[in-house]
Peer 1: 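Quick one: the structure is below, questions incoming.
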Amino acid sequence: VQLQASGGGLVQTGGSLRLSCAVSGRTFSGYVMGWFRQAPGAEREFVAAISRSGGSTYYADSVKGRFTISRDNAKNAVYLQMNSLKPEDTAVYFCAADGSPTFYTITYYRAPVRYDYWGQGTLVTVSS
């Protein structure tokens with residue numbers, strides 16, 4: 001399984017970006033997907049997760065109401081729409097996939113260790 005994140009860039013405070021993550025493999029609909037971010041000198045931080053069907057989503061408090069995670073199982077892709085961006089959103093953003101067949105509540109996927117596969121990251125910079 002390979003994950004390829006894209007869509008990062010430089011944006012002003014209050015602006016928007018849409019990140020995409022393309023996933024290889026024929027069983028994309030079997031993966032729970034997540035987005036994480038890591039700022040310089042900081043630990044990797046949970047941003048959002050989405051269930052296999054897309055029916056359940058979960059967000060970090062810091063992005064709730066501003067970011068939206070979605071997926072298109074026909075296109076093997078997961079997205080992160082980021083609105084009202086703030087300088088503190090500046091980080092490298094990573095998409096991740098969990099291929100376990102076990103079903104857990106979506107909040108289980110807050111921890112990075114739940115995920116088996118990671119993309120390479122895309123840099124988001126929000127200027128003040």
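Just so you know, these numbers come straight off a predicted model, no measurement behind them.
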Peer 1: Looking only at atom types and distance, does a side-chain atom of Thr125 sit under 3.5 Å from a main-chain N or O of Leu10, one as donor and one as acceptor?
Peer 2: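 No, the answer is negative, given that no donor and acceptor are paired below the 3.5 Å cut-off.
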Peer 1: For Arg114, give me all partners under side chain to side chain contact (heavy atoms under 4.5 Å, CB included), at least two apart in sequence or on another chain.
Peer 2: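 Partners of Arg114 by the side chain to side chain contact (heavy atoms under 4.5 Å, CB included) criterion, ordered by chain and then number, come out as Tyr108, Tyr109, Ala111.
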Peer 1: Tell me the side chain to side chain donor-acceptor pair (under 3.5 Å) pairs involving residues 2-17, sequence neighbours left out?
Peer 2: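 For residues 2-17, and leaving out neighbouring residues, the side chain to side chain donor-acceptor pair (under 3.5 Å) pairs sorted by first residue read Ser16-Asn83.
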Peer 1: At what distance, to the nearest 0.5 angstrom, does OG of Ser29 lie from CG of Asp72?
Peer 2: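 Nearest 0.5 Å value for the OG-CG distance: 11.5 Å.
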Peer 1: Under the side-chain hydrogen bond (donor to acceptor under 3.5 Å, both in side chains) test, which residues partner Gln120, sequence neighbours left out?
Peer 2: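 Partners of Gln120 by the side-chain hydrogen bond (donor to acceptor under 3.5 Å, both in side chains) criterion come out as none, since no residue qualifies.
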Peer 1: Can you name the residues that form a salt bridge (charged side-chain N to carboxylate O under 4.0 Å, His left out) with Glu45, not counting sequence neighbours?
Peer 2: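 If we apply the salt bridge (charged side-chain N to carboxylate O under 4.0 Å, His left out) test to Glu45, skipping adjacent residues, the hits are Arg37.
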Peer 1: Among residues at least two apart in sequence or on other chains, which ones pass side chain to side chain contact (heavy atoms under 4.5 Å, CB included) with Val124?
Peer 2: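 So Val124 forms a side chain to side chain contact (heavy atoms under 4.5 Å, CB included) with Leu17, Leu19, Met82, Tyr93, Val126.
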Peer 1: Taking the side chain as every heavy atom from C-beta outward, state whether Val23 and Tyr117 have any pair of such atoms under 4.5 Å apart.
Peer 2: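 Result no, sub-4.5 Å side-chain heavy-atom pair not found.
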Peer 1: Using the side chain to side chain contact (heavy atoms under 4.5 Å, CB included) criterion, which residues pair with Ala22? Sequence neighbours excluded.
Peer 2: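 If we apply the side chain to side chain contact (heavy atoms under 4.5 Å, CB included) test to Ala22, skipping adjacent residues, there are no hits.
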Peer 1: Counting only pairs under 3.5 Å, give me each side-chain donor-acceptor contact of residues 47-59, with atom names and distances, residues two or more places apart or in other chains.
Peer 2:
| residue | atom | partner | partner atom | Å |
| --- | --- | --- | --- | --- |
| Ser51 | OG | Gly54 | N | 3.4 |
| Ser51 | OG | Gly55 | N | 3.2 |
| Ser51 | OG | Ser56 | N | 3.0 |
| Ser51 | OG | Ser56 | O | 3.4 |
| Arg52 | NE | Gly30 | O | 3.0 |
| Arg52 | NH2 | Ser100 | O | 2.6 |
| Arg52 | NH2 | Thr102 | O | 3.1 |
| Ser53 | OG | Gly55 | N | 3.1 |
| Tyr58 | OH | Arg110 | NH1 | 3.1 |
| Tyr59 | OH | Ile69 | N | 2.9 |

Peer 1: Looking at every heavy atom in both Tyr79 and Ala77, which two are closest together, and how far apart are they?
Peer 2: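 Scanning both residues completely, I find the closest heavy atoms to be OH-CB, 3.4 Å.
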Peer 1: Among the clusters formed by ILVMFWY side chains lying less than 4.5 Å apart, do Val78 and Val63 turn up in the same one?
Peer 2: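 Yes, it is one cluster - the side chains of Val78 and Val63 are joined through contacts under 4.5 Å.
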Peer 1: Could you pull out all residues at least two apart from Arg66 that satisfy side-chain hydrogen bond (donor to acceptor under 3.5 Å, both in side chains)?
Peer 2: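 Once residues adjacent in sequence are excluded, the partners of Arg66 under the side-chain hydrogen bond (donor to acceptor under 3.5 Å, both in side chains) criterion are Asp89.
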Peer 1: Mind listing the closest non-hydrogen atom pair of Gly121 and Val92 along with its distance?
Peer 2: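 For Gly121 and Val92, the tightest heavy-atom pair comes out as CA-CG1, 3.8 Å.
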Peer 1: Any pair with a residue in residues 9-58 that passes disulfide (SG to SG under 2.5 Å), sequence neighbours left out, goes on the list, sorted by first then second residue, please.
Peer 2: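 Those involving residues 9-58 are Cys21-Cys95.
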Peer 1: I'd like to know if Tyr104 and Ile106 are part of one continuous hydrophobic network [Ile/Leu/Val/Met/Phe/Trp/Tyr, side-chain heavy atoms within less than 4.5 Å].
Peer 2: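 Yes.
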Peer 1: Considering only residues two or more places apart or on different chains, which pairs with a residue in residues 13-45 satisfy ring-ring contact (aromatic ring centres under 6.0 Å, His included)?
Peer 2: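 Every pair satisfying ring-ring contact (aromatic ring centres under 6.0 Å, His included) with a residue in residues 13-45: Phe36-Phe46, Phe36-Tyr115, Phe36-Trp118.
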Peer 1: Look up atom CG in Leu80 and atom CE in Met33, then write down how far apart they are to the nearest 0.5 Å.
Peer 2: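 Those atoms lie 11.5 Å apart.
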Peer 1: Restricting to side chain to side chain contact (heavy atoms under 4.5 Å, CB included), what partner residues turn up for Gln38, sequence neighbours left out?
Peer 2: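 Side chain to side chain contact (heavy atoms under 4.5 Å, CB included) list for Gln38, sorted by chain: Arg44, Phe94.
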